[in-house]
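These notes concern the structure reproduced below.
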Amino acid sequence: MMMITSVKNWLKKFLDADEVEEAPVDMDMTNKIRKAGRAHGRVQGVGFRFFVQTEAKKRGITGWVKNMRDKSVTMELQGEPETVERLIAKIKRGNDWIKVTNFEQSDLPVVPGENKFAIRY
């Protein structure tokens, strides 16, 4: 809690903001799913994590993405079922640099209150 207060104080001081609002928290979990995914192929050193984060944010999907030591990339994706499935399809297609040769996925419990998509290190 101390860090949150410090960040709020910093924003107030340096951004001259009288009131710093927190991001809204989506508590409606009735139509949400969460998928764990692991992508294999040419997925490191080609902007894959940024690609996943950008596409997730466009779709309102929350979660995270992280490079692994075995050269795969793991992720958790949370959102409406159709939206998550469309993102997974886009991830599998890749682009000119990204080549996903295998994508494993499994279901996870929804994380209440999650409101961002992060790149983990």
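In this text the structure is predicted, and so the values were computed from the model without any measurement.
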Salt bridge (Lys or Arg N to Asp or Glu O under 4.0 Å) involving Arg38 - partner list, sequence neighbours excluded: Asp70
Nearest heavy-atom neighbours spanning Lys66 and Tyr121: CE-O, 4.0 Å
Sub-4.5 Å side-chain heavy-atom contact between Phe48 and Val100: yes
Trp97 backbone acceptor or donor facing Arg42 side chain under 3.5 Å: yes
Member of Gln78, Lys35, Lys32 meeting the side-chain contact (heavy atoms from CB on, under 4.5 Å) criterion with Val84: Lys35
Rounded distance (nearest 0.5 Å) linking atom CG of Leu87 with atom NZ of Lys92: 11.0 Å
Val52 to Met75 - nearest heavy-atom pair and separation: CG1-SD, 4.3 Å
Side-chain donor/acceptor of Glu104 to backbone N/O of Ala39, under 3.5 Å: no
Pairs satisfying side chain to side chain donor-acceptor pair (under 3.5 Å), at least one member in residues 52-63, at least two apart: Glu55-Lys58, Glu55-Arg59, Thr62-Glu114
With sequence neighbours excluded, residues passing side-chain hydrogen bond (donor to acceptor under 3.5 Å, both in side chains) with Asp96: none
Heavy-atom closest pair, residues Phe117 and Val65: CE2-CG1, 3.8 Å
Within-4.5 Å side-chain heavy-atom neighbours: Gln105 and Glu85: yes
